[in-house]
Amino acid sequence: MGTDIKKNYLLYTVFLLPFMDLFISTQNWGGYKVFDIISYFTVILLIGKPKNTSNLATLYISISLFLMVVLIVGCLHSEFITKSFVFLSQFITVFIYASILIKQLKEEPNFIYEILKGLKFSCLFSLAFLAMQLIFGLSMALYKLNLNASAYDSIIRYPSYFEDPQKYGQFLAMSSFIFLIENPAKKINSLINPALFVLVIIALFLTGVRAAFSGLCVGMFIIFIFGGKKYKLLGIACVVVVVITAVFFSNHFAIFNRGADVNDTASVRYAYWAGAFKIFLQNPFLGIGIGNYQNYVSLHSQDQYWLFFGTYEYMDHPESGYLKLLVEFGIFGFILLLSLIFLPVINAFRAIINPIFVTEKNILLFISASLICWLVAFVTVYSFSDLRIGIFIVTLVSILISPSYIAPFYTTDEI
């Protein structure tokens with residue numbers, strides 16, 4: 001509510017990211033969260049303010065509008081219309097955030113470093129929270145913790161301020177690359193960011209999340225291939241650290257001590273995937289409606305449930321982010337949503353391989369590596385159920401879409 005509403009909203013979101021997923025209303029009243037309320041509140045405050053009518057991001061605006069149309073029709077077509085529209089009203093808030101962020105970055109290109117500072121702060125806060133859990137145990141929590149955080153595999157998997165260590169693992173893996181981005185305007189010790197990068201990876205080991213670690217490895221490989229010499233050396237150093245940790249300290253880290261057999265886990269997950277794909281084939285074009293997976297399987301696919309120590313719960317996702325989106329959005333919505341992520345990454349790599357040296361290349365490389373890291377982990381972990389992951393992804397995509405960082409590499413026609 002200050003003089004610069006847009007800027008305040010964006011900074012509030014990234015610096016207080018740990019609290020954006022907390023509920024404002026009960027589930028009976030839609031389960032709206034802090035981020036949903038402040039986003040709509042910001043829209044109200046911006047009514048009547050001058051608007052930037054630039055059309056540099058026309059392609060992404062068009063894709064977003066088509067996606068909304070498909071989702072609205074999917075809601076009307078679903079068996080749970082009211083619930084689906086409630087989820088859609090919450091889904092829209094990330095597009096509000098993205099549009100405001102892209103406009104702000106166009107008006108003030110250096111604002112990217114303020115946004116990245118907020119993401120780094122949220123990650124460092126999670127490490128401090130994790131340290132408290134290491135000292136006092138899992139009684140330190142913002143949420144009722146998922147059973148994945150218990151000693152389910154003979155060793156605790158720490159979630160920090162998340163409710164599920166799998167989502168925290170994704171958050172850490174993505175955040176690690178952000179620490180490699182430095183603000184050229186500030187003279188700081190260049191060893192600080194690599195040290196924090198390694199510290200975040202060590203924290204990732206405590207989550208026990210293999211999917212996030214796999215995504216981290218893919219992201220590191222991309223940086224090793226396209227990055228400068230010092231990042232190749234950093235990649236080699238990380239491999240050495242991981243190997244030493246796995247050989248000599250594996251008993252202390254959950255990621256090296258998962259008790260469940262890999263083959264058994266894969267066969268169970270494959271059964272979930274097969275069931276989800278069967279639902280998709282029954283509703284291929286419009287899907288079952290956004291947010292309806294759990295309600296749908298409770299009526300039509302009752303073999304899809306989790307069993308936790310004698311407690312049954314119908315699945316709200318088939319242990320694959322892509323299949324969850326495919327089933328709920330249908331093929332059209334699925335393609336439109338993923339194109340909003342893949343197209344900016346593809347354009348970023350067109351810039352990265354451009355022989356002309358530009359200082360923004362490192363930003364594009366590290367943000368792209370972070371997104372690809374998440375795309376890999378998303379295969380087995382649906383993380384959008386935690387709004388903070390969604391905000392993180394949308395922030396990175398918005399930076400790639402921002403004309404200030406894409407325009408130098410292409411002609412106006414290509415944009």
For this session: Using modelled atom types only, decide if a donor and an acceptor are shared between the side chain of Gln90 and the backbone of Gly30 within a distance under 3.5 Å.
Result: yes
Exercise. With distance as the sole test, does Tyr322 use its side chain to make a donor-acceptor pair with the main-chain N or O of Leu375 at under 3.5 Å?
Worked result: yes
Exercise. Centroid-to-centroid, Phe15 to Phe121, below 6.0 Å?
Worked result: yes
Problem set entry | Check: Ile279 and Ser301 side chains under 4.5 Å, non-hydrogen atoms | yes
For this session: Indicate the atoms forming the closest heavy-atom contact of Pro318 with Ala276, along with that distance.
Result: CB-CB, 3.5 Å
For this session: Look only at the side chain of Ser320 and the backbone of Val379, and say whether a donor-acceptor pair between them is shorter than 3.5 Å.
Result: yes
Problem set entry | Ring-face cation contact, Phe171 with Arg388, 6.0 Å cut, 45° max | no
Exercise. Can you check whether Val381 reaches Glu319 side chain to side chain, under 4.5 Å on heavy atoms?
Worked result: no
Exercise. Is Ser398 reaching over with its side chain to a backbone N or O of Val394, donor-acceptor style, under 3.5 angstrom?
Worked result: yes
Exercise. Quick check: does any side chain N or O of Arg157 sit under 3.5 Å from a backbone N or O of Pro165, one acting as donor and the other as acceptor?
Worked result: no
For this session: Using the side-chain hydrogen bond (donor to acceptor under 3.5 Å, both in side chains) rule, take Gln166 and Gln170 through it: C-alpha gap first, then chi angles, then the decisive distance, then the call.
Result: CA-CA 6 Å; Gln166 295 194 79; Gln170 280 195 11; over 6 Å; no
For this session: Taking only Lys NZ, Arg NE, NH1 and NH2, and the carboxylate oxygens of Asp or Glu, determine whether Lys167 and Asp386 approach each other closer than 4.0 Å.
Result: no
Problem set entry | Side chain Asp4, main chain Lys7, donor-acceptor under 3.5 Å | yes
Exercise. Is the closest basic N to carboxylate O distance between Lys324 and Glu328 below 4.0 Å?
Worked result: yes
For this session: Verify the neighbour count for atom NZ of Lys232: are there more than 12 heavy atoms of other residues, nucleotides or ligands below 6.0 Å?
Result: yes
Problem set entry | Side-chain donor-acceptor pair present, Tyr9, Ser39, cut-off under 3.5 Å | yes
Problem set entry | Inter-residue atom distance Leu67.CG - Leu337.CG, 0.5 Å rounding | 6.0 Å
Exercise. Salt bridge (Lys or Arg N to Asp or Glu O under 4.0 Å) with Glu79: which residues, sequence neighbours excluded?
Worked result: none
Exercise. Is the Phe35-Tyr97 ring centre distance short of 6.0 angstrom?
Worked result: yes
Exercise. Taking the six-membered ring where the residue is Trp, are the ring centres of Tyr161 and Phe125 under 6.0 Å apart?
Worked result: yes
For this session: Indicate whether any N or O donor in one side chain lies under 3.5 Å from an N or O acceptor in the other, for Ser126 and Tyr168.
Result: yes
Exercise. Leu119 versus Ser175: any side-chain heavy-atom pair under 4.5 Å?
Worked result: no
Exercise. Are the side chain of Ser176 and the backbone N or O of Ile201 linked by a donor-acceptor pair below 3.5 Å?
Worked result: no
Problem set entry | Donor-acceptor contact present, side-chain Ser122 to main-chain Val14, <3.5 Å | yes
For this session: Look only at the side chain of Ser25 and the backbone of Tyr32, and say whether a donor-acceptor pair between them is shorter than 3.5 Å.
Result: yes
Exercise. Would a distance-only check, ignoring hydrogens and angles, find a side-chain to backbone donor-acceptor pair under 3.5 Å from Ser370 to Met174?
Worked result: yes
Problem set entry | Sole candidate of Tyr314, Tyr293, Tyr296, Tyr272 that passes side chain to side chain donor-acceptor pair (under 3.5 Å) when paired with Gln304 | Tyr293
For this session: For side chain to side chain contact (heavy atoms under 4.5 Å, CB included), just list the numbers for Asn292 and Lys83, CA-CA rounded to whole Å, side-chain angles, deciding distance to a tenth of an Å, and then say yes or no.
Result: CA-CA 7 Å; Asn292 286 337; Lys83 184 176 180 63; 4.2 Å; yes
Exercise. When you look at Cys75 and Phe80, which way does the side chain to side chain contact (heavy atoms under 4.5 Å, CB included) test go after all the steps?
Worked result: CA-CA 8 Å; Cys75 290; Phe80 314 96; over 6 Å; no
Exercise. Going through the checks in order, is the side chain to side chain contact (heavy atoms under 4.5 Å, CB included) test met by Thr42 and Ile96?
Worked result: CA-CA 9 Å; Thr42 300; Ile96 294 173; 5.9 Å; no
Exercise. Aromatic ring centroids of Phe277 and Phe280 under 6.0 Å?
Worked result: yes
Exercise. What do you reckon, are the aromatic ring centroids of Phe226 and Phe349 less than 6.0 Å apart?
Worked result: yes
Exercise. Around Tyr12, counting heavy atoms of other residues, nucleotides and ligands shown, do more than 12 lie under 6.0 Å from its OH?
Worked result: no
Problem set entry | Thr395, Ile100, Ile115, Ile38 screened by side-chain contact (heavy atoms from CB on, under 4.5 Å) with Thr13, the one that passes | Ile38
For this session: Look up atom CG in Leu101 and atom OG in Ser402, then write down how far apart they are to the nearest 0.5 Å.
Result: 7.5 Å
